[in-house]
Amino acid sequence: MAEEKIGVYICHCGTNIAGKVDVEEVTRWAAEQPNVAVAREYKYMCSDPGQDLIKQDIQEHGITRAVVAACSPTMHEPTFRKAAGDGGLNPYLLQMANIREHCSWVTIDGDAATEKAKRILGAQIHRLPLNLPLEPIEVPVNPNVMVVGGGIAGIEAALKLAATGKKVYLVERDPSIGGHMAMFDKTFPTLDCAACILTPKMSAAGKEPNIEMLAYSEVTQVDGYVGNFKVKVTKKARYVDIDKCTGCALCTEACVVRKVPNEFDQGLSKRAAAYIPFPQAVPLKATLDPTRCLTLTGKKCKQPCVAACGPAAIDFDQKDEEIELEVGAIIMATGFQLWDPTPETRYSYGKLDNVISSLEFERISNASGPTGGHIVCKNGEPPKSVAILHCVGSRDENYQEFCSRVCCMYSLKFAHLIKEHLPETEVYECYIDMRTYGKGYEEFYKRLMDEGVHFIRGRAAEVSDVGLTPNEEGHLVVKVEDTLLGVTRRLPVDMVVLSSGLAPRADAKSTAQIFGFGCSANGFYLERHPKLEPVSTVTDGIFIAGCCQYPKDIPDTVAQAGAAAAGALALVDNATVKVEPTISYIDPEKCSGCHICVGLCPHAAIQYNEEKGVAEVIEAACKGCGVCVAACGSGVPQQRGYLDEQIFAEIEGALAL
Amino acid sequence: MKYLYYPGCSAESTGKAYDISTRTVMEKLGVELAELDDWNCCGATSYFSTREIDSFAIAARNLSIAQQQGDDDLCVICNACYTTLAKTNRYMAESAHVYEQVNGALNAVGRSYDGTKPVRHIMDVLINDVGLEAIESKVTRRLTGLKVAPYYGCQYSRPIGSFDDTEDPQTMDRFFEALGADVLTDFPAKLKCCGGMMMLTNADVALRLCHEILKSAKDMGADVIVAACPLCEMNMEGYQPRVNSAFGTDYNIPVMYFTQLAGLALGADPKQLGLGMQAVSCAPVLAAIPA
Amino acid sequence: MPSGEKIKICQQCGTCTGSCPTSYLMDYGPREVIAAFRAGMIDKVVKSNTIWLCTSCYSCTVRCPANIKITDLMYELKRLAIKYDLLPKDSKNPAMTKYFIDNVSKYGRNHEVGLMAKFMLTKDWGMPFRFAGLGLKLFTAGRLPLAPKQIRGKEEIAKMSAYLDAQEAKAQ
Amino acid sequence: MSDQFEPRLIGFLCRWCSYNGADLAGTSRMKYPPNLVPIKTNCSGRVDPTHIFKAFAEGADGVLIAGCHPGDCHYINGNYRTAGRFPLMKKMLEQLGLEPGRVRLEWVSAAEGDKFARVVTEFTEEIRALGPLGWRTQTDVDPAQAGSAASDRVEEAVPA
């Protein structure tokens, strides 16, 4: 083997690295290391002139290996490997040494950081002579996309993709798409009617030939990899043949079970066991609730629904159906759930009538809701005073530590709706900080002040029905410190709205596991990079949009859905995609055919060849975990890019100093 | 079932009936109580105000004696004693400084303590060790129809909440349901402060707080308020006439230690429950329980 | 005070003051006490009536979204007030605290009758009259024993305190 | 700096969870001791006993293996293999006279920058308390020679 000539490139990253690590010293040290032909430092290696240094050295100094000591490889490894490739070097002969995230940013002492930087860099310098040229594996891309979740984010992403001619599978867990937005009355700050702007999109998605709608369905399994996902979807039995159902709702009227809490109305109204969730549902098809339908729960029923159904669509024998889809990209738009205020017992939610959640208020104020849009208390009377309590479950170490971003604004919207419906009603907003950060939001806040809403800076302490004075008797009493006055106030009101934060879906974690990515500490899906890749996940080919990533308002959700659609399109619009070649191989000369790796491979990528008596790696199926390498007693399987010798060399280099 | 028993100072005077009825109830349930030898005041809330470490030290003297005296858990009846003793364990675990200082003080009097003696509220013992089923099986006089307002008091579950919720405790509700009572489970004042020691120093404040509790009980139609703390009982019951004169009310609501009412359900003689000691008569309660 | 550094993350939401059963009488509510603490103006709150109105109900502590142990903070401030003799003139609580401790140091247990008697004689002349009706009832019911109970190890309490005094002196 | 013992630690981090967790600790500017040098593998399941022996033989005083939480593995169940293998590895090392505290397995997700910083801090302190291991056998290995010797083996191992 010829002597290798290693080029070392150390980045200052402005002061991000150089402010802590003595870059000159590391460069001087690196130049003395074996095989190192040239060691350079530069203010920003990732800039064009920085990258040019590498290219020039390859071409002019005959550099045969390169290492860039800079930020995390997650950030810029592709950048520098491409630069090496452009310079004529195989990209896999370039390594990165992470001296920013793993060193300068986390170390207090400058000398210690400089030492650590040398160790991290030394490990890579040591390994480089053993690196081998590799070629990325090029795989075909399935042009179809799956969108999971049919709220505004999923609908928007699906429509955008469908408009480019791609086939989209839109999977929705509930019987209809629409999500939370379909439940809202108005949207802040413009007060557009939510239904007026959403239902056209819902019906467009329903009619779009490129969208195959899989409502009342759930994803159960995801296999494969970027460009080539194999997805199992369970289409839950509706007990209604949707090809025959016309959505006439006669079954609903005929059904004898009439007291099922209506989920869409937050349980404030009742529905039948045969139901269509709401009049604008897409698809507009009936569903028989398997937990409530008498026939389906094994009880006696004369089945008036069957008699009522003209097209004979009702089918009690329908079964859940599992289908398999092949898609090149996936967009997750599974949304949020409202933080359930029950654990905040001091607010008496669920105990006292007229202490309601924000979603319940949305339904009460909605013209198509259970009260026909009349804002009324449980006794049917309009409230003369309403307190809206901010930050319920939010900004609290005991519950959710984060700010949910939208609650201040929706609370202001509620106040406006109350003032619009009931001008004489007093409205109190109890808030900690008023966060009105969006376009037109601060103006909306001012407008509400002008409308005479009482703003009390303080988080409500408790809600009770114990009146101590005649004017409190018969009312709910909110106890809150007005922190601007330094006075504790007791507000006698008729209705209390709890502005809960947005929470991750209860099953967000298990869903993320199915798809092979993770969740942030707060439970929302984890993006690949918080700033530059907010719609990507660590799994190539899987994108996220909307409130499943973090609480956000409708404009941000729609923008993110577009970004996710563009990300997916940029992938599936290509015939092929390059995947990492760091996969395993087995030398047939050395394999004893013991089978141990065959059973351990998580992706069934190792097969036993009976004829030759050896194990073989199916390259297309191998994802490169390296479990087989570690498992083999004789060290026969090896992983490209992570050969034992390469890892040994890294260890030696890391400990040489 | 055996426990070491810490009665607390009040049990020797104003809260005597709590001590007497506790012993009776536990005997009826077959629970053996061995009084802690030569116990001292737990320090209560006042001691925290001198030097924090003194309060832990004097509380730890009790715990150190308990550890010497036997392996059984230490059962406490007074809410404040319970919180003080449990808090001492907790802070000794949280802070090495507290641990060292406390042991230094104990060593000075030939004692030591490792911070691990389990401190149990009597209700914790009843619900989690004796068990509601066992208790229910021993009821001879069900409290059918008796409207019981369960008053927990501040330091029952606050601040630690080790055996019940800090905002919405339920154990006393469940306990009296097992005894057949008509428990006012939504009693809104169940955790409202009675004013504590402030009845002596800022009576206006404390009377007002008691007024709120009594009003709430009256509004709900309570036949009796049950308490788990001598100071709470004293404030709500002993000071009822003064509440009445201060607020122009006419409350006459019996307030009992929960062990007194439980004792009746378990068939104990009223005399064994210290029932003659109340300033507000309990006769209506006795009359209301079916024989 | 364990985890005292938490006051740095107080967002001044006022849940503590709003939850406090006696804050309406306080010169400064618990929220303002924390604000003053952070602003370096503790002397202002230590001298106020606030800390002596805390009933130790722990409502603020269990509700604080930042998990600040506010009740403990109040104890801490009471200690400071006693130590530097910054007691409000009209407040009776500091005296009660002191008598309570004297009582326990002397007998090992709190003798409630003695405590009340001493308190009434020195701090609240009107009290015996207001208390008379109840006192008589309690006395006849056997709930107010005249003789204090003394524990065998009563000198231990004083000794422990003396040890801790010495420790504190050493630390300073 | 004081002349206290500074342990030398190697940390094998899986690239999907723990490596990103370590990145997040950096992005969040959390501070932890500089003693651990990370080595990236695709999956914690790739780490085999020889890597750990090698680290100790080269002078490491402690070895950390960090991977995705159970159930979160990017490769379905690679981390279960790690978890299954770890006690055996530990036992082998114990038989060689090594204190069990010198190897540590942790699950650190990409969202747990704080946990990564805490684990490294704790681990550094624990190993500092245990003192130097001093297993390094060869004194002055010429890295160039070591490298070229190994590269011969690589060329041999890889099919053309």
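In the text below, chain A, chain B and the rest are named by the order of the sequence lines, each starting its count at 1.
In this structure, no portion of A:S510 lies under 4.5 Å from any heavy atom of chain D. In this structure, chain D has no heavy atom under 4.5 Å from any part of A:C71. Proximity to chain A involves both the backbone and the side chain of D:K40, based on heavy atoms less than 4.5 angstrom apart. Only the side chain of A:L526 has a heavy atom closer than 4.5 Å to any heavy atom of chain D. In this structure, chain A has heavy atoms under 4.5 Å from both the backbone and the side chain of D:I39. For D:F12, the part lying near chain A is the side chain, with the backbone staying farther off; criterion is any non-hydrogen pair under 4.5 Å. Looking at D:S44, neither its backbone nor its side chain comes within 4.5 Å of chain A, counting heavy atoms on both sides. The contact between D:L36 and chain A is made entirely by backbone atoms, counting heavy-atom distances below 4.5 Å. At a 4.5 Å heavy-atom cutoff, the contact between A:L600 and chain D is made by backbone and side-chain atoms alike.
Contact count versus chain A (heavy atoms, under 4.5 Å) is highest, among D:N77, D:V47, D:D72, D:I10, for D:D72. In terms of non-hydrogen atom pairs under 4.5 Å with chain A, the most contact-rich of D:M30, D:R81, D:E112 is D:R81. By number of non-hydrogen pairs under 4.5 angstrom with chain D, the leading residue of A:T582, A:T539, A:V538 is A:V538. Residue with the most contacts toward chain A among D:A25, D:A110, D:C68, D:P38: D:P38 (heavy-atom pairs, distance under 4.5 Å). Of all the listed residues (D:T27, D:L9, D:T82, D:D48), the one sharing the greatest number of non-hydrogen pairs under 4.5 Å with chain A is D:D48.
Across all their heavy atoms, D:P34 and A:A112 have their closest contact at CG-CB, 3.6 Å. Between A:H102 and D:A22 the shortest heavy-atom distance is NE2-CB, 3.4 Å. Nearest heavy-atom pair, D:N20 versus A:T74, reported as atom, atom and distance to 0.1 Å: OD1-OG1, 3.6 Å. The two residues D:A55 and A:L655 have their closest heavy-atom pair at O-CD1, 3.3 Å. Residues A:A521 and D:A111 share a closest heavy-atom pair of N-CB, 3.4 Å. In this structure, D:Y75 and A:C625 approach most closely via the heavy-atom pair CG-CB, 3.2 Å.
Cation-pi geometry between D:K54 and A:F648 is satisfied (NZ or CZ under 6.0 Å from the ring centre, within 45° of the ring normal).
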Quiz item: Could you go step by step and tell me if D:R29 and A:V106 meet the side chain to side chain contact (heavy atoms under 4.5 Å, CB included) rule?
Solution: CA-CA 6 Å; D:R29 311 298 199 275; A:V106 293; over 6 Å; no
Quiz item: Can you list the steps and then say if D:S28 with A:W105 is a side chain to side chain contact (heavy atoms under 4.5 Å, CB included)?
Solution: CA-CA 8 Å; D:S28 316; A:W105 276 349; over 6 Å; no
Practice problem: Could you check A:N98 against D:D23 for side chain to side chain contact (heavy atoms under 4.5 Å, CB included), going step by step and ending with a plain yes or no? | Solution: CA-CA 9 Å; A:N98 183 347; D:D23 277 2; 3.1 Å; yes
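Among the residues in residues 115-124 of chain A, those with a non-hydrogen atom closer than 4.5 angstrom to a non-hydrogen atom of chain D are A:K116, A:R119, A:I120.
No more than 12 heavy atoms of other residues, nucleotides or ligands sit less than 6.0 Å from atom NZ of A:K612. The neighbour count for D:I76 CD1, taken as heavy atoms of other residues, nucleotides or ligands under 6.0 Å away, is above 12.
Within the model, atoms CD of A:Q639 and OG1 of D:T41 stand 8.0 Å from one another, a figure rounded to the nearest 0.5 Å. Between A:S72 atom OG and D:L24 atom CG the span is 11.0 Å, to the nearest 0.5 Å. With rounding to the nearest 0.5 angstrom, the SG atom of D:C73 is 10.5 Å from the CD atom of A:Q513. Taking CZ of D:R15 as the start and OH of A:Y642 as the end, the distance is 5.5 Å to the nearest 0.5 Å.
Put simply, the side chain of A:I651 does not reach to within 4.5 Å of the side chain of D:V37, judged on heavy atoms. Looking at heavy atoms from C-beta onward, D:R85 lies in side-chain contact with A:V627 at the 4.5 angstrom threshold.
For A:F517 and D:H74, the ring centers are positioned 6.0 Å apart or more.
For the pair D:N42 (side chain) and A:G624 (backbone), a donor-acceptor distance under 3.5 Å is present.
A salt bridge links D:R46 and A:D644; the closest N-O separation between the charged side-chain nitrogens and carboxylate oxygens is under 4.0 Å.
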